[in-house]
Amino acid sequence: MKKVAFKTLGCRLNQYETDAIASQFQDNDFQLVPFDKEADVYVINSCTVTHQSDHKSRNFINQANRKNPNSILVVTGCMANNAKNELESREEINYVVENDRKSSVFSLVEAHYKGEILHPSKLNTDLFSYGSTEKGFHTRSMVKIQDGCDNFCTFCIIPSVRGRAVSRPIQDILDNVRDVISNGAKEVVLTGVNIGRYEFENYKFDDIVEQILELEGDFRLRISSIEPDGFGDKFLGLLNHPKMTPHLHLCLQSGSDPVLLQMRRMYTIKRFKEIVDRVRSVRSDFNITTDVIIGFPGESDQDFDATCNIIKELQFGHVHAFKYSIRKGTRAERMTEQVDEKIKTKRSELLRGISDQVKKQYRTEFIGKEQIVLVEKTNGKIAKGYGEHYIPVEFSGEELKKNHFYKVKIKSMTAEDEPVLTGEQMI
Amino acid sequence: MRSHKVIEIRNLTPSTYIIRMEKNDFTFKTGQYITLGFSGSIDRREYSIYSSENDEHLEVLIKEVENGLVSKKLKRCKPGDKLDIDGPFGHFSLQNDEINKKKFLFIATGTGISPIHSFIATHPEMDYRLLHGVRKEEEAYERDSYENGNYILCTSREKTGDFHGRVTEYLKQNPVSSDTVCYLCGNCHMIYEAYDILEKQGVQLGPIHTEVYF
Ligand SMILES: Cc1cc2nc3c(=O)[nH]c(=O)nc-3n(C[C@H](O)[C@H](O)[C@H](O)COP(=O)(O)OP(=O)(O)OC[C@H]3O[C@@H](n4cnc5c(N)ncnc54)[C@H](O)[C@@H]3O)c2cc1C
């Protein structure tokens, strides 16, 4: 049996796409092995949003080549679009597959073993033709509803590597969701690059969400990352649906209006706070997580303080912060007031301290309360998984099974940086 | 990406010009922008569409920026040259159900007037006022396109405009009624300040209509 190993960098959409490709390999008698083990095929689904992600992708390419220099090495994902020439000139890489052809990675490898060397440019371009992911690495089943982004935030390279916003036909999405539910998925996660901008015929994002929530079955729905400019009253009205999980990843990027304008983000801090207030009025313990960029060109101490303050004020359940790094071809690359790397590092440390503290505070509130946990790992007596708020929970019980929901009474919380709620199964 | 032939260049001031291109089958929603560059060149920039949805051709209004790469290159383009257009992009658009019902205030600095020109050229029946902030009177780009009295030129470096000072100063002195729909386009410092002033005057900006150029 041939072995295949995957490494995924970056966003959830990449994760979904890897899962789908992995399922295809498994369906065709490949064995999935961890990336640090010897394999016949290595697939690196790369990311290019920061310098760091480029760096990591390069390291994984080297690692795969060291493990098995005779393997088939495929690099796909955003770095394959952004640094195509560089990657194609590296001999150890067999195939560089751009995002729009990613769904055909399996056919490429299959052809390779049949002695047919296909050029990736001959592969099908289809952004949505990924199969289902039920055999992937997760209990949650991701469903891709959209790809690409037209927002052109000044720091962001995504529009040039993922392309224009494209929405998947609503019927395909509903069929895909029905399919994963009937295959046993208990949690459906909507993914895409900018899902709030979903638009197909007359259907908008909130229409999709509404129709999915109306489907029958024992499942819950999670919205992954969403931009604050992407939704209105109808969506907010759907948040108290029993199938909807109380968690949103709302990208803030900065707590300062002047910086948001320079980033060409389409909202103000006041509007962002209004949204958070409206969401928390549905459920006061709603988990709102976010992304923050540290050291965007022109970010003053005052701007940075504003970001720290809003994190404390809005009590984000998690802050994914990254240091700004110049991406070629973006408007921010041409901005003159770039922030010194040392200042960025100092600000990062400060911000991490604040967000860890806020996260702890937020999670502590769950002690004494109940969570509905979807089990991802268990030995029958102890199980791990995520509660509806997307907080990790570990609990004890009897005859616990993977991919089942359990009502858990939260008793305490671990002391790590990524605190886990601990509790007991409620009968 | 599509290639469009340049028809004509109209110089409005020593640094500002309009490029008229063939429209071919390109469609857009008034207020949107395109990215533009010479065919085959990797240097491309965003430009709002100046012409109306219904015009037979496509126009952009560009100011050559000091030390700017693309705005300088494009100024030298000639009829017959090919430019690559990508788009249209953006959500700086009028709401269909508001166009004939609401009172509008458009606030622009410099070439930020471009999408506003397109709004008005597409919907000439709109009830609007336009505040245009520039340094000198010569930057009142094609002011004859707007109905007399609707266009208010604010000049900051000369006393030749309808108002001497910045648009934000004008706004402070001439409060806006709270039922006005506002669209702001141009320099982000103006947008930041104007937004604040309008909000204090009780204008419900709702989802903000802003387009930041730089
Ligand atoms: C959505 C959008 C729509 C736009 N529409 C228009 C339009 O209709 N007409 C138009 O003329 N421009 C418009 N711009 C600005 C345009 O995209 C370019 O930034 C501008 O033409 C300068 O490009 P450049 O290559 O000449 O300068 P660059 O080489 O990119 O920049 C040189 C220097 O000038 C600064 N700079 C950039 N833009 C400006 C500016 N406008 N004024 C002063 N300094 C600046 C930069 O920060 C940099 O330091 C728009 C921008 C956006 C984001």
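All chains are named by letter (A, B, ...) in the order of the sequence lines, taking the proteins before the strands, and each is independently numbered beginning at 1.
Atom CD of Gln173(B) has more than 12 heavy atoms from other residues, nucleotides or ligands within 6.0 Å. In this structure, Lys102(B) places its NZ atom where only 12 or fewer heavy-atom neighbours from other residues, nucleotides or ligands lie under 6.0 Å away. Applying the 6.0 Å contact sphere to NZ of Lys344(A) captures more than 12 heavy atoms from other residues, nucleotides or ligands. Atom CG of Asp340(A) has more than 12 neighbouring heavy atoms from other residues, nucleotides or ligands inside a 6.0 Å radius. When the shell of 6.0 Å around NZ of Lys72(B) is examined, it contains more than 12 heavy atoms from other residues, nucleotides or ligands. The environment of Glu56(B) atom CD is sparse: at most 12 non-hydrogen atoms of other residues, nucleotides or ligands sit within 6.0 angstrom. More than 12 heavy atoms of other shown residues, nucleotides or ligands fall within 6.0 angstrom of atom CZ in Arg327(A). Residue Arg10(B) qualifies as enclosed at atom CZ: its count of foreign heavy atoms under 6.0 Å is above 12.
To the nearest 0.5 Å, atom CD of residue Glu46(B) and atom OG1 of residue Thr154(A) are 9.5 Å apart. Here the straight-line distance linking atom OH of Tyr195(B) with atom OG1 of Thr268(A) works out to 4.0 Å at 0.5 Å rounding. Summarising the geometry, atom CZ belonging to Phe92(B) is positioned 9.5 Å from atom CE belonging to Met266(A); distances are rounded to the nearest 0.5 Å. If you take OG on Ser160(A) and CD1 on Ile42(B), they are separated by 11.5 Å, rounding to the nearest 0.5 Å. Separation of atoms OG1 (Thr210(B)) and CZ (Arg264(A)) is listed at 8.0 Å; rounding is to 0.5 Å. The distance from atom CZ of Arg334(A) to atom CG of Asn67(B), rounded to the nearest 0.5 Å, is 13.5 Å.
Here Arg45(B) is the residue among Arg45(B), His189(B), Arg44(B) with the most heavy-atom pairs under 4.5 Å with chain A.
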- [ ] Determine, step by step, whether Arg164(A) and Phe89(B) satisfy the side-chain contact (heavy atoms from CB on, under 4.5 Å) criterion, reporting the C-alpha distance in whole Å, the side-chain angles of both residues, the deciding distance to 0.1 Å, and the verdict.
- [x] CA-CA 9 Å; Arg164(A) 302 284 313 265; Phe89(B) 301 110; 3.0 Å; yes
Open item on the list: His91(B) vs Asn151(A), test: side-chain contact (heavy atoms from CB on, under 4.5 Å). Steps then yes/no.
Closed with: CA-CA 8 Å; His91(B) 307 283; Asn151(A) 273 15; 3.6 Å; yes
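The backbone N or O of Tyr213(B) sits less than 3.5 Å from a side-chain atom of Arg331(A), completing a donor-acceptor pair.
Only the side chain of Tyr33(B) comes within less than 4.5 Å of a heavy atom in chain A; its backbone stays farther off.
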